[in-house]
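These notes concern the structure reproduced below.
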Amino acid sequence: SDLLEMRNIHKVYSNGTRANRGVSFSVRHGEIHALVGENGAGKSTLMKILFGLETPSEGEIFYKGEKIEMRTPKDAIRYEIGMVHQHFMLVPSFTVAQNIVLGSEPRKGALSDHKAALLETDRLIREYGLKVDSSATVARLSVGLKQRVEILKVLYRGARLIILDEPTAVLTPQETDELFHSLRKLVDTGYTIIFITHKLNEVMSISDRITVLRAGQTVTTLNTAKTNKEE
Ligand code: ADP
Ligand code: ADP
């Protein structure tokens with residue numbers, strides 16, 4: 001069933017740029033859905049709207065069948081939507097664990113003291129194969145490891161729908177394989193992933209469905225899940 005539906009989204013920026021011209025995009029619970037399009041196709045704008053960073057000029061958003069308003073990122077977090085940006089927002093002098101806990105309301109039911117936070121962080125690291133030392137200083141980590149910290153941060157916050165913006169751009173081929181493995185584990189345990197990319201070929205094997213955007217409009221949605229299972 002649809003977890004998220006963005007219906008007929010339009011966005012005209014104040015300078016007149018029409019970034020989204022009637023985009024419809026729906027995401028099913030428990031899938032990896034790739035949002036593919038060339039630079040300038042309107043992917044980031046659509047995701048900024050979903051995350052409450054931009055206001056749509058027109059269009060509606062439904063979450064779990066209910067019409068919702070995304071006014072600020074706080075709304076997105078309340079709906080358990082998490083975003084992993086291309087540009088990380090980590091404090092370099094802090095440890096991995098400190099960064100994960102920093103500024104986050106802990107997930108529902110989690111204890112908020114430091115020890116409990118560390119245990120929770122280590123559990124997430126083990127469970128999803130996001131191998132990183134929770135006591136390491138972030139400044140010393142490679143970009144690939146920093147990205148894992150960002151992913152852990154949204155998991156710790158309790159996100160259930162996770163948006164990854166061009167996640168492989170900063171990764172080595174081996175790190176890409178590891179990321180894909182972690183994403184599969186996440187959806188297998190009930191998470192839902194939106195994977196934004198301008199490279200169609202890289203998401204053919206990892207995604208269940210692919211939506212292609214061109215010039216601010218939805219071109220098509222492809223179902224790739226069946227092909228994956230037959231491989
Ligand atoms: P809005 O129209 O939503 O008010 P702004 O024009 O104020 O948006 O720009 C918001 C941010 O986006 C600014 O940081 C600006 O530098 C950046 N920006 C402006 N134009 C572009 C563009 N063509 N492509 C990408 N980013 C842009
Ligand atoms: P993509 O993520 O697919 O590269 P974007 O949503 O970033 O696409 O951009 C879609 C169009 O909107 C582009 O023409 C871009 O220059 C423009 N754009 C993006 N952000 C802004 C902004 N803040 N103000 C004005 N134009 C923008």
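When a ligand or atom number is given, it counts from 1 through the structure's own listing order.
To the nearest 0.5 angstrom, T192 atom OG1 is 9.5 Å from L4 atom CG.
Residue pairs that meet the ring pair (Phe, Tyr, Trp, His ring centres under 6.0 Å) test with at least one member in residues 38-70, sequence neighbours left out, are Y63-Y79.
Ion pair E120/R123 flagged as a salt bridge, since at least one NZ, NE, NH1 or NH2 atom sits closer than 4.0 Å to an Asp/Glu carboxylate oxygen.
Atoms of ligand 2 lying under 4.0 Å from any heavy atom of A41, numbered from 1 in the order shown and given with element: 1 (P), 3 (O), 8 (O). Short contacts between ligand 2 and A19, defined as distances under 4.0 Å to a heavy atom of the residue, involve ligand atoms 10 (C), 11 (C), 12 (O). Those atoms of ligand 2 that come under 4.0 Å of a heavy atom in E38, given as number and element, are 3 (O). Of all atoms in ligand 2, listed by their number and element, those nearer than 4.0 Å to a heavy atom of N39 are 4 (O).
Minimum interatomic distance between I100 and T121 (heavy atoms only, all atoms of both residues): CD1-CG2, 3.4 Å.
Judged as a side-chain contact (heavy atoms from CB on, under 4.5 Å), and not counting sequence neighbours, D177 has no contacts.
The option from A215, G37, G216, G40 that lies nearest to atom 1 (P) of ligand 2, judged by heavy atoms, is G40.
With a 4.0 Å heavy-atom cut-off, ligand 2 is reached by the backbone of T45 and by its side chain too.
Atom CD of E38 sits in a sparse spot, with 12 or fewer heavy atoms from other residues, nucleotides or ligands closer than 6.0 Å.
For ligand 2, the polar-atom distance check against K48 finds no nitrogen or oxygen pair separated by under 3.5 Å.
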